[in-house]
Amino acid sequence: MEIVANVLVGLVAVLHMYILVLEMFLWQRKPGRGLHGFDPETARATAPLAANQGLYNGFLAAGLVWGLLAAEPTGFRVQVFFLSCVVVAGVFGATTANRRILFAQALPGALALAAVLAAR
């Protein structure tokens, strides 16, 4: 179960690195604009906000990688903390911005968190 948990944590970290790239560097290009259906002007106007969100997603990814690399008991604790942050951010984003965030962010984080707790 520990291997499954580590793989899921790694996948959530990769997801958040992808979100970082999308929001910080591709927001005004087709992949970023297509995410929310923005026209070029709206994407340009919201780019600083998206970059800020991307940075936070990068911090989540960095924390998850730290949790994977750290020795026990720190690794377990760090994974639980950052996965909890992912779930909370996903639920908040789903209620305030777009319901899809619940499935794209909160659900993977919750599954990884459940696996980490079950592996303990």
Side-chain angles (χ1 to χ4, degrees):
M1 188 60 172
E2 186 175 342
I3 293 171
V4 171
N6 287 340
V7 167
L8 290 176
V9 171
L11 289 173
V12 173
V14 168
L15 170 66
H16 284 272
M17 286 305 299
Y18 171 73
I19 295 170
L20 173 145
V21 170
L22 191 65
E23 293 177 338
M24 291 188 79
F25 305 110
L26 301 176
W27 192 253
Q28 295 184 61
R29 295 195 171 102
K30 193 172 185 172
R33 288 195 328 258
L35 186 65
H36 294 288
F38 290 158
D39 59 54
E41 186 171 324
T42 303
R44 189 171 26 264
T46 59
L49 297 171
N52 189 39
Q53 291 174 181
L55 184 62
Y56 284 103
N57 279 289
F59 290 141
L60 292 172
L64 292 172
V65 171
W66 173 31
L68 287 170
L69 298 176
E72 293 304 327
T74 302
F76 170 77
R77 292 174 181 161
V78 169
Q79 288 178 32
V80 169
F81 173 78
F82 280 96
L83 288 169
S84 297
C85 290
V86 167
V87 173
V88 169
V91 169
F92 184 78
T95 59
T96 61
N98 189 321
R99 187 172 292 165
R100 292 183 312 193
I101 296 171
L102 187 65
F103 302 102
Q105 182 176 356
L107 181 60
L111 292 173
L113 179 58
V116 166
L117 294 172
R120 190 71 165 163

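In what follows, every heavy atom counts, from backbone to side chain, and hydrogens, waters and symmetry copies are set aside. For clarity, every value in this text was computed on a predicted model and none was experimentally measured.
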Looking only at heavy atoms, which two atoms of [X] and [Y] are closest? And how far apart?
X: A61; Y: H16; value: CB-CB, 4.0 Å
X: L20; Y: G58; value: CD1-CA, 3.3 Å
X: A106; Y: V91; value: CB-N, 3.9 Å
X: V86; Y: G109; value: CG1-CA, 3.9 Å
X: P73; Y: R120; value: CB-NH2, 4.3 Å
X: A89; Y: Q105; value: CB-NE2, 3.6 Å

Within this structure, what is the [atom1]-[atom2] distance for the pair [X] and [Y], rounded to the nearest 0.5 Å?
X: R33; Y: R44; atom1: CZ; atom2: CZ; value: 9.5 Å
X: L8; Y: L64; atom1: CG; atom2: CG; value: 11.5 Å
X: I101; Y: T96; atom1: CD1; atom2: OG1; value: 6.5 Å
X: L83; Y: F81; atom1: CG; atom2: CZ; value: 11.0 Å
X: T46; Y: E23; atom1: OG1; atom2: CD; value: 10.0 Å
X: L35; Y: N98; atom1: CG; atom2: CG; value: 8.0 Å

Identify whether [X] and [Y] are in the same connected component of the hydrophobic contact network (ILVMFWY, side-chain heavy atoms under 4.5 Å).
X: F82; Y: V65; result: no
X: F25; Y: L55; result: yes
X: V9; Y: V14; result: no
X: V78; Y: V116; result: yes
X: V87; Y: F103; result: yes

Open item on the list: Keeping N52 on the side-chain end and P48 on the backbone end, is there a donor-acceptor pair under 3.5 Å?
Closed with: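 Not a single qualifying donor-acceptor pair exists.
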
TODO: Just say parallel, tilted or perpendicular for the rings of F38 and W27, cut-offs at 30° and 60°.
DONE: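 Answer is perpendicular, since the angle exceeds 60°.
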
Task: Over 12 non-hydrogen atoms of neighbours within 6.0 angstrom of CD in E72 - done: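 Enclosed: over 12 neighbouring heavy atoms sit under 6.0 Å from CD of E72.
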
Side chains of [X] and [Y], heavy atoms from C-beta outward: is any pair under 4.5 Å?
X: V80; Y: L113; result: yes
X: N6; Y: Q79; result: yes
X: L60; Y: Y56; result: no

Task: Residues forming a side chain to side chain donor-acceptor pair (under 3.5 Å) with Q28, sequence neighbours excluded - done: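 Here no residue qualifies.
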
